[in-house]
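All residue numbers in this chain count up from 1 along the given sequence.
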Amino acid sequence: MFRPLLIASAASLALAACATEGGMAGGMAAAGDMTPNQRDAYVQMAAASDLYEIQSSQLAMSRAQKPEIRAFAQMLMEHHTATSQQVAAAATAAGTPPSPSLMPMQAKMIAQLQAANGAAFDRLFVRQQVQAHTMALALHSNYASNGDTPSLRTVAAAAAPVVRQHLERARTLR
């Protein structure tokens with residue numbers, strides 16, 4: 001019962017902490033802005049989340065040692081490409097076409113992955129996936145409940161269970 005609230009709170013705090021390390025795109029730095037209800041902020045953050053997932057998974061496809069991590073990365077690439085397309089279509093229809101770019105925190109995470117090799121890469125990739133999917137789940141769940149644009153709320157509601165599945169899988173890979 002309290003687990004979703006705990007996850008959302010942890011994700012908000014993690015994002016707020018990361019925001020102080022170089023700032024968030026678009027000047028969003030307050031903890032309340034980490035799971036926005038406004039279309040523009042949600043679209044920007046959802047696009048950045050998917051972009052991180054795709055880029056990190058591409059790295060995992062070539063660097064991960066364990067086959068189950070490569071399989072997980074392949075699934076992430078497929079699912080996050082699909083959710084990215086869904087968000088983009090709904091956002092464009094609503095007048096807010098996304099321009100995906102990584103947030104500073106995500107760029108640092110990619111750089112860390114690029115520097116890692118072997119078993120250290122596998123551990124880091126899985127740890128980052130737990131963190132990224134915890135934040136993405138809070139983002140999509142909040143917007144699905146409180147967002148200001150119905151078509152994007154629908155997309156967020158569809159994305160949340162997919163992200164939850166990814167989070168659960170990442171936790172089993174630890």
Separation between [atom1] of [X] and [atom2] of [Y], rounded to the nearest 0.5 Å:
{"X": "F125", "Y": "S57", "atom1": "CZ", "atom2": "OG", "value": "4.0 Å"}
{"X": "M135", "Y": "T35", "atom1": "CE", "atom2": "OG1", "value": "12.5 Å"}
{"X": "L113", "Y": "K108", "atom1": "CG", "atom2": "NZ", "value": "14.5 Å"}
{"X": "L139", "Y": "S49", "atom1": "CG", "atom2": "OG", "value": "6.5 Å"}
{"X": "M105", "Y": "Q128", "atom1": "CE", "atom2": "CD", "value": "9.5 Å"}

Residues 85-100 side chain polar contacts: donor-acceptor under 3.5 Å, at least two apart:
| residue | atom | partner | partner atom | Å |
| --- | --- | --- | --- | --- |
| T92 | OG1 | A88 | O | 2.7 |
| T96 | OG1 | R39 | NE | 2.6 |
| T96 | OG1 | D40 | OD1 | 2.9 |

Looking at [Y], is its backbone amide N or carbonyl O close enough to the side chain of [X] to form a donor-acceptor pair, meaning the two atoms are under 3.5 Å apart?
{"X": "Y143", "Y": "T149", "value": "yes"}
{"X": "R153", "Y": "N146", "value": "no"}
{"X": "R63", "Y": "Q114", "value": "yes"}
{"X": "Q106", "Y": "M103", "value": "yes"}

Between [Y] and [X], is there a side-chain heavy-atom distance shorter than 4.5 Å?
{"X": "Q165", "Y": "H79", "value": "yes"}
{"X": "E68", "Y": "R169", "value": "yes"}
{"X": "M109", "Y": "Q131", "value": "yes"}

Item checked: Under the side-chain contact (heavy atoms from CB on, under 4.5 Å) test, residues paired with D122 that sit two or more places apart ->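 By the side-chain contact (heavy atoms from CB on, under 4.5 Å) rule, D122 matches A64, Q65, K66, I69.
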Note to self: Checking R123 now: which residues fulfil side-chain contact (heavy atoms from CB on, under 4.5 Å) with it, not counting sequence neighbours?
What the structure shows: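 In terms of side-chain contact (heavy atoms from CB on, under 4.5 Å), with neighbours along the sequence ignored, R123 is linked to A119, A120.
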Any link between [X] and [Y] through a network of hydrophobic side chains (Ile, Leu, Val, Met, Phe, Trp, Tyr) touching at under 4.5 Å?
{"X": "V130", "Y": "L137", "result": "yes"}
{"X": "V126", "Y": "M77", "result": "no"}
{"X": "L59", "Y": "L173", "result": "yes"}
{"X": "V162", "Y": "Y42", "result": "no"}

Margin query: Assess the residue pair I110 and S56 against the criterion (side-chain contact (heavy atoms from CB on, under 4.5 Å)); give the C-alpha distance rounded to whole Å, side-chain angles, the decisive distance to 0.1 Å, and a yes or no.
Written below: CA-CA 6 Å; I110 292 291; S56 65; 3.9 Å; yes
Item checked: Verdict with supporting geometry, Q58 and I54, side-chain contact (heavy atoms from CB on, under 4.5 Å) -> CA-CA 6 Å; Q58 288 169 336; I54 293 165; 3.8 Å; yes
Check: How far apart are the closest heavy atoms of R70 and A60, and which atoms are they?
Finding: CG-O, 3.6 Å
Check: For the residue pair A116 and L124, what are the closest heavy atoms and their distance?
Finding: CB-CD2, 4.1 Å
Checklist line | Identified side chain to side chain donor-acceptor pair (under 3.5 Å) partner of H166 from the options Q129, R171, H80, E53 | finding: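 Of all the options given, the one that passes is H80.
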